[in-house]
Amino acid sequence: MSDDSPAETTTMKSPVDSHLSKIRNIGFAAHIDAGKTTTTERILFYTGKIHQIGEVDDGAATMDWMIQERERGITITSAATRCKWKEFEINIIDTPGHVDFTVEVERSMRVLDGIVIIFCGVGGVQPQSETVWRQADRYRVPRLAYVNKMDRVGADFYKVVDSVKKRLGANPVPLQLPIGKEDDFDGLIDLVNLKAVYFTDDLGKEFEVTDIPEEFESEVQMYREMLVEAAAEQDEQLMEKFISEIELTREEILQGIRKGCINCSLVPVLCGSSFRNKGVQQLLDVITDCLPSPMEVPPVEGLEPGTDNKVVRRASSEEPFTALAFKVATDQYVGKVTYFRVYSGKIQAGKRVFNATRNKKEKLMRILRMHADHREDLQWIEAGDLGAAVGLKWTTTGDTLCDEENPIVLESINFPEPVISVAIEPKTQADQDKLEESLMKIQEEDPTFLRKADPDTGQTIISGMGELHLEIIVDRLTREFNVQANIGKPHVSYKETVRTYVEAEGKFVRQLGGRGQYGHVIIALEPNERQKGFKFTAAIPDGQVPREYFKDIEEGVKDSLEAGPMAGYPVIDVIATLKGGSFSETDSSPLAFKAAASMAVQEALQKSGSFLMEPIVNVEVVTPEEYLGDIIADINARRGRVASMEPSHAHTQVVQCMVPLSAMFGYSTDLRSQSQGRAEFSMEFDHYESVPRQISEQITSGYYTPTY
């Protein structure tokens with residue numbers, strides 16, 4: 001498809017055929033360059049969705065459809081597609097591996113029923129591998145582990161399985177073993193069927209199933225016993241047979257493994273080489289055998305709007321319509337496209353739905369099934385399916401769409417705070433309005449991207465998850481939105497927090513003739529646990545302040561925490577407690593209590609003595625041993641703390657360390673010069689930490705420049 005022509009649109013005339021037990025909603029997640037998009041490309045080829053394999057490095061992968069993705073050879077935005085394998089319909093979301101775009105993984109995890117986490121056979125568990133694993137844990141998403149790149153020098157399947165167990169605290173259960181490794185990786189051993197699988201053609205379509213070679217018998221016996229025991233542990237009847245030394249059938253083994261996978265008590269492990277077209281068809285079989293259908297995951301729970309009453313929706317088209325919007329994208333041909341997961345009920349194109357999160361009525365002008373940037377019109381969409389909508393004006397990421405007669409608000413999606421900022425300004429006056437409009441559209445798409453006006457300079461400040469994140473946004477402004485802009489140097493997004501418990505009083509009284517304004521509160525602030533964010537509570541005797549004003553008081557507190565007293569940075573990790581106050585039956589109003597709360601918090605912040613917090617990133621450096629000393633010395637000079645050093649493969653070392661983000665600008669260039677281009681690194685945001693006093697004083701006075 002050319003960049004200046006609309007994507008092809010086809011129409012499905014019959015209603016969606018929803019056989020829930022035959023649907024799989026899955027995603028692929030991994031560290032950058034582990035092979036997610038390559039694996040997805042092979043799956044699309046083997047399922048007949050595409051007829052020619054496109055390679056990531058050539059900029060021809062189907063799921064990497066953005067021009068920025070094809071130029072850089074990385075995935076930037078999650079892309080959805082649907083394919084058919086045997087009698088199963090599989091919805092797939094291919095997610096990015098770069099930490100700057102972790103929001104795409106987060107919102108995908110929220111709506112998927114299963115995930116395939118891909119590990120590099122050489123690198124094993126890498127920093128972003130741990131991040132996506134934690135995200136899957138948070139949403140209790142059943143998962144498979146696929147050890148890719150078994151053909152690479154240094155690949156070690158057993159070492160990766162061991163690292164999954166030790167570093168991720170998982171219970172990995174191999175269903176396959178590799179036959180050979182590196183250049184000699186020829187096939188795999190199927191431990192369920194006790195057969196060897198050899199790949200006989202370059203496209204991986206043809207493979208030969210044979211008996212297991214004798215040299216693998218002892219190894220196979222050991223891992224087969226582990227597999228059978230793991231399956232038996234998931235079911236009492238199977239365990240009775242196992243204890244009685246009655247051999248479990250293939251179906252019983254799969255039954256146990258499937259049960260353990262769905263309840264997240266074990267992780268089936270597979271192996272292959274997606275780039276060499278080995279093992280992907282077997283991966284598809286395990287996806288359908290072990291990952292759950294929409295009927296096998298717990299019913300979705302939510303609240304009745306405005307109450308604490310719990311509402312449950314089962315995965316059935318007979319239930320009231322319930323869906324969660326998990327992604328918003330801007331399409332230059334059809335406008336705003338909203339991706340959503342249907343949990344219950346069904347909806348027809350052209351019908352109205354209710355946005356229970358925002359209390360707004362919406363109209364589904366069109367319902368689409370997406371295949372990367374290709375659109376397929378649907379007349380219906382039902383429970384258990386993923387789709388996209390055109391025509392939703394108010395809906396954003398995390399909003400609940402439902403039947404107005406049966407409203408429900410589902411749990412939304414939490415996103416990390418941006419950690420890096422730059423100033424941006426239009427090159428010409430003509431670009432001013434276009435810049436603001438374009439930034440609004442990007443912010444609607446990306447919850448980890450923020451924009452605001454600097455009150456001192458009047459500049460527009462944009463914030464994101466890293467340098468690459470902001471670089472992609474600026475590139476999109478130029479190419480996609482035709483906006484020319486000047487960009488400043490990156491700045492770290494510092495935060496402030498309070499030191500001690502403190503109370504303060506705020507009283508807002510205005511009398512300008514007629515009805516006045518009266519609000520009076522006593523607010524206490526105290527430190528919260530690190531990374532626990534903001535919490536508001538009320539500990540006030542009944543009758544002092546009506547409960548109807550609590551929400552306004554909380555909003556006033558939040559507004560005042562947007563700018564701390566030290567340097568105007570947001571205040572985080574704070575517990576605010578309403579301790580007292582008073583009201584007037586005639587003059588009190590929401591506005592008055594909001595203003596009083598704001599006044600109280602501002603005074604409390606001045607009393608408490610706040611301090612600066614800076615983002616700390618988890619850095620992993622892989623380097624040849626001869627450069628290790630120089631690299632460690634450089635990390636120490638950047639105020640970094642080395643957590644561990646472990647040998648990897650071929651005389652290389654893996655260094656794990658925590659470093660302030662402000663010290664990591666330009667690190668890529670410095671690392672190349674220190675290692676003659678042979679070392680590589682990755683980093684991800686980990687936590688906020690207090691800034692040393694001397695550097696804090698330099699930051700607040702505006703004179704801080706990182707020195708190494």
Side-chain angles (χ1 to χ4, degrees), residues 31-34 56-57 68 71-74 76 96-101 120 122-124 126-129 131 149 152-154 419-422 464-475 487-493 614-686 689 691-692 694-695 698-699 703-708:
H31 188 84
I32 190 169
D33 202 33
V56 173
D57 292 342
Q68 292 86 357
E71 287 179 348
R72 291 168 172 79
I74 62 172
I76 293 170
H98 199 286
V99 65
D100 284 19
F101 311 109
C120 172
V122 180
Q126 297 167 284
Q128 191 65 4
S129 311
T131 300
K149 301 190 177 184
R152 290 271 300 273
V153 174
V419 296
I420 190 171
S421 304
V422 297
M465 297 305 295
E467 290 180 272
L468 179 60
H469 187 194
L470 295 181
E471 179 188 323
I472 295 297
I473 286 170
V474 172
D475 192 51
I487 310 298
K489 292 184 178 180
H491 294 281
V492 172
S493 294
E614 64 180 342
I616 305 296
V617 291
N618 181 2
V619 181
E620 180 179 274
V621 183
V622 182
T623 176
E625 290 177 348
E626 57 262 41
Y627 307 113
L628 185 62
D630 290 341
I631 287 171
I632 295 295
D634 182 59
I635 288 170
N636 292 333
R638 294 172 187 267
R639 296 193 288 129
R641 302 188 304 273
V642 175
S644 66
M645 290 182 288
E646 296 180 0
S648 182
H649 62 282
H651 305 292
T652 61
Q653 291 279 336
V654 179
V655 182
Q656 295 276 357
C657 49
M658 295 288 180
V659 188
L661 176 62
S662 61
M664 290 301 293
F665 294 139
Y667 185 62
S668 179
T669 301
D670 293 344
L671 183 64
R672 280 197 297 268
S673 64
Q674 291 164 5
S675 64
Q676 299 181 16
R678 295 174 62 193
E680 59 183 27
F681 83 102
S682 61
M683 69 177 186
E684 64 171 333
F685 168 73
D686 193 85
E689 201 171 275
V691 179
Q694 182 179 0
I695 294 176
Q698 294 175 7
I699 292 171
Y703 292 108
Y704 176 61
T705 302
T707 56
Y708 319 125

Exercise. Any chance you could lay out the side chain to side chain contact (heavy atoms under 4.5 Å, CB included) test for Met645 and Thr623, step after step, and finish with the verdict?
Key: CA-CA 11 Å; Met645 290 182 288; Thr623 176; over 6 Å; no
Quiz item: Between Arg638 and Asp670, is a side chain to side chain contact (heavy atoms under 4.5 Å, CB included) present by the stated rule, with each step listed?
Solution: CA-CA 12 Å; Arg638 294 172 187 267; Asp670 293 344; 2.7 Å; yes
Exercise. Take Leu661 and Met683 through the side chain to side chain contact (heavy atoms under 4.5 Å, CB included) test and state the conclusion after the steps.
Key: CA-CA 9 Å; Leu661 176 62; Met683 69 177 186; 4.0 Å; yes
Practice problem: Check the pair Ile631 / Gln653 against side chain to side chain contact (heavy atoms under 4.5 Å, CB included), numbers first and verdict last. | Solution: CA-CA 11 Å; Ile631 287 171; Gln653 291 279 336; over 6 Å; no
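Between Asn636 and Ile632 there is a side-chain heavy-atom pair separated by less than 4.5 Å. Two residues are said to be in side-chain contact when any heavy atoms from C-beta on lie closer than 4.5 Å; Gln676 and Pro624 fail this criterion. A 4.5 Å side-chain heavy-atom check between Asp33 and Lys149 finds at least one atom pair inside the cut-off. In this structure, Phe685 and Ile420 have side chains that are not in contact, with every pair of non-hydrogen atoms separated by 4.5 Å or more.
Contacts of Glu689 classified as side chain to side chain donor-acceptor pair (under 3.5 Å), with partners at least two apart in sequence or in another chain: Arg641, His687. Listed by chain and number, the residues in a side chain to side chain contact (heavy atoms under 4.5 Å, CB included) with Asp686 are Asn618, Met658 (sequence neighbours excluded). Partners of Ser493 by side chain to side chain donor-acceptor pair (under 3.5 Å), not counting sequence neighbours, listed by chain and number: Ser421. Arg672 pairs by the salt bridge (charged side-chain N to carboxylate O under 4.0 Å, His left out) definition with nothing, not counting sequence neighbours. A search for ring-ring contact (aromatic ring centres under 6.0 Å, His included) contacts involving Tyr627 returns nothing, not counting sequence neighbours. The salt bridge (charged side-chain N to carboxylate O under 4.0 Å, His left out) check on Glu625 picks up nothing, with sequence neighbours excluded.
Between the SG atom of Cys657 and the CD atom of Glu620 there is a distance of 9.5 Å, given to the nearest 0.5 Å. Here the CD-CD distance, from Gln126 to Gln656, works out to 10.0 Å after rounding to the nearest 0.5 Å. Here the straight-line distance linking atom CG of Asp630 with atom CD1 of Ile635 works out to 11.0 Å at 0.5 Å rounding. Annotation: the span from Glu614 atom CD to Ile695 atom CD1 amounts to 6.5 Å, rounded to 0.5 Å. We find the CD-OG1 distance between Glu646 and Thr652 to be 11.0 Å, quoted to the nearest 0.5 Å.
Among all heavy-atom pairs drawn from His31 and Ser129, the shortest one is CB-OG, 3.7 Å. The shortest heavy-atom contact between Gly464 and His469 is CA-ND1, 3.5 Å.
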